[in-house]
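Have a look at the structure below, then the notes.
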Amino acid sequence: MNAPTTFDGGMIGRPTPRIDGRLKVTGTACYPSDFPLEDTAYAYLVTSAIARGRIKAIHLEEAQQVEGVLDILTYENTKGKVRKVRAFSGGGYTSTTIMPMDSPKVWHDGQIVAVVVAETYEAAREAAHKVHVEYDERKPKPGFDKRRPQPRQISNPLSSSDPQTGDAETAFQHADVKVEAYYTTPTQHHNPIELFTTTCTWSGDQLTIYEPSQFVHGLKNGVAKQLNMNPEKVRVISPFVGGAFGSKAALTPRTAFVALAAKRLNRPVKLVPTRSQSFDVSTYRAETQHLVKLGADRNGRLTSLHHEGWEVSSRPDNYKVAGTETTSLLYACPNIYTKVHIVHADRNTPGFMRSPAEVPYVYALESAMDELATALGMDPVELRRINDTMVNPIDQKPYSSRALMACYDRAAEAFGWSKRNPEPGSMHDGDWLIGWGCATACYPTNVAPAQARVTLAPNGRARVQTAGHDIGTGAYTAIALTAADRLGVPLENVNVELGDSSLPPAPVAGGSNATASICNAVAMACDEIRERLAQGAVHADGQLAGADPGDLRLSQGKLVAPDGKSEPLKEAIMRLGFGPVEAHAKYTPEIASAPVKLMGHKLIEGGISAMTSGSSVKDHVQYAFGAEFVEVRIHKRTREIRVPRIVGAFAAGRIVSPTTARSQLLGGLIWGVASALHEATEIDERVARYVNDDLAEYLIPVCADIKDVEVIFVPEEDHQVNALGIKGLGELGNVGTNAAVANAVYHATGRRIRDLPIRIEDLL
Amino acid sequence: MDTFSPLKAAPLSRRAGTRDTIEVVLNVNGRNHRLAVDPRVTLLDALREHLGLTGSKKGCDQGQCGACTIHVDGRRVLSCLTLVAMVEGKAVTTIEGLAPEEGGLHPMQQAFLDHDAFQCGYCTPGQIMSAVACVREGLATTDDDIREYMSGNLCRCAAYPNIVEAIKQARAEMEEQP
Ligand code: FES
Ligand code: FES
């Protein structure tokens, strides 16, 4: 059997409290740094004080004098101990190809230069501050050049093609109505509240790593490669993750050093980096610049779209998010030109942050669309309707489903958009200017090979095992609902085990693929169990003798035929032997390419996700959509900006777990507001160093920043995306929100702010 | 809740190999624990690393996120900004000791569960401890007040709208049965 059947037991789509919620509200959910290990030693990082240059000397004498210090790792004793491994974004494992402590070279500020290990955290910290490093410093390049546009260079030989069609330049010249503008988005850091902790312990040649991870199989295999070990000797444990948002997907340099330290001391070593260090220990969302040129006829039909993007990366890596994949297929347009450039700087390698490509690129396009609507004197919703498309304009491949305008209509109605006076600055409430704005949200429906083992016991209890991850997404609950649905047992009978690399491999919890990939695997395993029970039942002389096994389904603790005849689960299971019945399923996405169909499970077993992107399916494109409406209030005198109201309507295929899905979208919308108004990592240009590297100075919304947020689900059925019809939505909510806010700020004030975040000082 | 009594103290837990230690008796969730620790140990690290009470979380270690919020004599305290020596003789309550009975839930815990007032759950123990104190202190009267007084607890997953709803539900129950 290749794909799950489509029987429904009524559990998929049922609102329910999180099944892991009780652990979370009682403080008993075990995050990786919560595991108690006997005789733990504590590690503390020493990080680089320069962004470019070399270490001339490291003086350890004073640090070694601190009582309780056990060991200090520097390049002098770790050189050559960690092997170079390919980067995640290039089909490997690591967040960067920069190898700290492999040589005296310094590539970026905050790079790890020493690891101090001591009996206590306090001693390790004291000693770390007594490590004195002498540098040979060179002047660093902090990021983009001052000029606009940035140099037009394409330095990625593996560059995915820049989508293009027709002749955008000529069409732009002849367009009736045009807009042309630069937009920028700042550096941002994920800042999950849980720090980037790592604890390693060895038992003989077996290494166990406790580390919050979005991809335990990737971490396991990556570390094994780095340390030249058999992957079977490495186990990663991460049952709960305290927020990730992309920052815990790829293997960062710290892990191997903690493993080395634990090996040298032959005892567990625990690292809890500081918040400030966390700005360099993992990755970040790089700053971007965009040139968008739109041309349209007088009726608002797009005739030309030009989207050129620039992104910052480190010196050695060509990391880029290249969101023109998405902005080139959002609207009907005969002439499209896109290009993405990388600007190298003396910085750490950037990485995925929630909706990596879409947050900056859709921001630019959706801002430009609003400017075009203004130039045309047209309602921005109508502009989207006129340019709505059911095919990718680049290659005419159809969308598997696209409910964008249904989302607009539902959200506009809930928001009261028809009461908007389009004139900027025309709406007030006392001392407050009111602005209403909207934008499109979209995210590709990605799917990857995944495996799951399901066990059903005669007493009706089920166990689901898969090395997926619940990073707050509700994965435990969605998976349990799927199993309860397919096995016909109550939700509380289902036990789900995740976040352990000794379980059957599952892909990275990233790219919003996890629910689709894993739930399809779980459903397959359940179907196999059903099939085996049915075969047993029809061939025995019980109630169901002679029935068609394909007709039998599991429901309410029974195996049931369409005519109502049934047999208790216990009987059906016991017939097959003594004890529980077990199935291990390997789900391969229906949309996967031939090589992935052939090799996908080999890859995932080796810690590579083999994800098929919704924009690169062979015969169609698959995306989830949404429409977001925002009200901003801007104080007439102080220019304080508030966001009292957000409405988002989303169509994301089948919603497996509505309670947790709603929370995902709520959180996403608030992330979108943060992207528009709060978040920016400031860089001291002289030294290429982050300045606001803590939670007081790096702004994220607090409770008082957020008022009414409404999430509407627009029903959608799409069985082309995958058998269960699931589109991911973890990253959908915070796409376009930043543009909706900026568009609302324009409506309130008549000021078009194109550089995020928008702050009071921009409106004075 | 038990009152402080050194007589009930558990055996001494000592971590060797560091410089001068201080001896402290910590009353946590009604139980006494004797510790010999580096005087620089924070209450948060004492709970997590020495007593195995890992419900209180470290998100910043510098008083900026609220994940480490606990109660000391019923008042909200950031345990990362409190040295363990400062709470000797005081009653410390952590998320593990919040429920009125073993295996049960405090109305605030139940309300967070009912309203899905979290995602990753990492800020949640701190949110709940703050929320309980907010209600007890009579600060959770209006929605705006809840938002204001809960703003010292960051939630990166941004469960804020659900947190406000949860606190309103628990407030009603807590006011009924003080
Ligand atoms: S850990 Fe104490 S406030 Fe953040
Ligand atoms: S639930 Fe994740 S930080 Fe609050």
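Each chain gets a letter, A, B and so on, in the order its sequence line appears, and its residues count up from 1.
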Exercise. Among B/Pro125, B/Gly63, B/Ser151, single out the residue with the greatest number of heavy-atom pairs under 4.5 Å to chain A.
Key: B/Ser151

Self-check item: Under 3.5 Å: donor-acceptor pair, side chain of B/Tyr160, backbone of A/Pro701
Solution: yes

Quiz prompt | chain A contacts, top residue of B/Gln62, B/Met150, B/His115, B/Arg48 (heavy-atom pairs, under 4.5 Å) | solution = B/Arg48

Quiz prompt | B/Ala67 portion near chain A, given a 4.5 angstrom heavy-atom threshold | solution = side chain

Quiz item: Is chain B contacted by the side chain of A/Ser278, its backbone, both, or neither, given a heavy-atom distance below 4.5 Å?
Solution: neither

Practice problem: Under 4.5 Å heavy-atom distance to chain B, tell me which part of A/Phe245 shows up: side chain, backbone, both or neither. | Solution: side chain

Quiz item: Do B/Lys57 and A/Tyr31 pass the side chain to side chain contact (heavy atoms under 4.5 Å, CB included) test, and can you show the C-alpha distance, the side-chain angles, and the key distance before you say yes or no?
Solution: CA-CA 10 Å; B/Lys57 302 300 183 197; A/Tyr31 298 82; 3.5 Å; yes

Self-check item: Which atoms of A/Arg354 approach chain B - backbone, side chain, both or neither, heavy atom under 4.5 Å
Solution: neither

Quiz item: Which pair of heavy atoms, one from A/Val25 and one from B/Phe118, lies closest together, and at what distance?
Solution: CG1-CE2, 3.5 Å

Self-check item: Distance, nearest 0.5 Å, that separates OG of A/Ser33 from NZ of B/Lys58
Solution: 9.0 Å

Quiz item: Given a strict heavy-atom distance threshold of 4.5 Å, which part of A/Ile706 is in contact with chain B: side chain, backbone, both, or neither?
Solution: both

Self-check item: A/Val241 portion near chain B, given a 4.5 angstrom heavy-atom threshold
Solution: backbone

Exercise. Using non-hydrogen atoms and a 4.5 Å limit, figure out which bit of A/Phe240 sits close to chain B: side chain, backbone, both or neither.
Key: neither

Self-check item: Whether B/Arg156 side chain and A/Gly243 backbone form a donor-acceptor pair below 3.5 Å
Solution: no

Self-check item: Interchain contact, A/Val66 with chain B, by part (heavy-atom threshold 4.5 Å)
Solution: neither

Practice problem: Sort A/Pro192 into side chain, backbone, both or neither according to what part of it lies under 4.5 angstrom from a heavy atom of chain B. | Solution: backbone

Quiz prompt | Atom group of A/Thr26 that falls short of 4.5 Å from chain B, counting heavy atoms | solution = both

Quiz prompt | Under 4.5 Å from any heavy atom of chain B - which part of A/Thr28 | solution = neither

Quiz item: What are the two closest non-hydrogen atoms of B/Gln64 and A/Leu695, and how far apart are they?
Solution: OE1-N, 3.0 Å

Quiz item: Taking B/Thr54, B/Thr124, B/Asp114 one by one, which has the highest count of heavy-atom pairs under 4.5 Å against chain A?
Solution: B/Thr54

Practice problem: Against chain A, label B/Asp61 side chain, backbone, both or neither, depending on which of its atoms sit under 4.5 Å from a heavy atom there. | Solution: side chain

Quiz prompt | Heavy-atom pair count under 4.5 Å with chain A, highest-scoring of B/Ser56, B/Gly55, B/Ala158 | solution = B/Ala158

Exercise. Would you give the length of the straight line joining atom CD of A/Glu194 to atom SG of B/Cys65, rounded to the nearest 0.5 angstrom?
Key: 11.5 Å

Quiz prompt | Greatest number of heavy atom pairs closer than 4.5 Å to chain A - which of B/Arg147, B/Glu148, B/His106 | solution = B/Arg147

Quiz prompt | Heavy-atom contact with chain B under 4.5 Å, split by part of A/Ala29 | solution = backbone

Quiz item: What is the distance from atom OH of A/Tyr42 to atom CD of B/Glu49, rounded to the nearest 0.5 Å?
Solution: 3.5 Å

Exercise. Please check if the side chain of B/Gln119 supplies one atom and the backbone of A/Thr473 the other of a donor-acceptor pair under 3.5 Å.
Key: no

Quiz item: Rounded to the nearest 0.5 Å, how far apart are SG of A/Cys703 and CD1 of B/Ile146?
Solution: 8.5 Å

Quiz item: Which region of B/Leu154, side chain (C-beta onward) or backbone (N, CA, C, O), has a non-hydrogen atom less than 4.5 Å from a non-hydrogen atom of chain A, or is it both or neither?
Solution: both

Quiz item: Is there a donor in the side chain of B/Asp38 and an acceptor in the side chain of A/Thr120, or the other way round, less than 3.5 Å apart?
Solution: no

Practice problem: Below 4.5 Å from any heavy atom of chain B, which atoms of A/Phe196 appear? Answer side chain, backbone, both or neither. | Solution: neither

Quiz prompt | Donor-acceptor contact present, side-chain A/Arg18 to main-chain B/Asp116, <3.5 Å | solution = no

Quiz item: Who among A/Gly474, A/Pro17, A/Ser663 has the most heavy-atom pairs with chain B under 4.5 Å?
Solution: A/Ser663

Quiz item: Can you tell me if A/Trp671 uses its side chain to pair, donor with acceptor, with the backbone of B/Cys157 under 3.5 Å?
Solution: no

Quiz item: Do you know which of A/Glu122, A/Arg125, A/Arg275 has the most heavy-atom pairs with chain B at a distance under 4.5 angstrom?
Solution: A/Glu122

Quiz prompt | Part of B/Leu113 lying under 4.5 Å from any heavy atom of chain A | solution = both

Self-check item: Per-residue contact mode, A/Asp694 against chain B (heavy atom under 4.5 angstrom)
Solution: both

Self-check item: Minimum heavy-atom distance between A/Tyr121 and B/Asp45, given as atom pair plus value
Solution: CD2-OD2, 3.7 Å

Quiz item: What distance separates B/Cys68 SG from A/Ile193 CD1, expressed to the nearest 0.5 Å?
Solution: 11.0 Å

Exercise. Any chance you could lay out the salt bridge (Lys or Arg N to Asp or Glu O under 4.0 Å) test for B/Asp144 and A/Lys707, step after step, and finish with the verdict?
Key: CA-CA 9 Å; B/Asp144 279 345; A/Lys707 265 186 136 155; 3.7 Å; yes

Self-check item: Which of B/Pro161, B/Cys123, B/Gly152 touches chain A most, by non-hydrogen pairs under 4.5 Å
Solution: B/Pro161

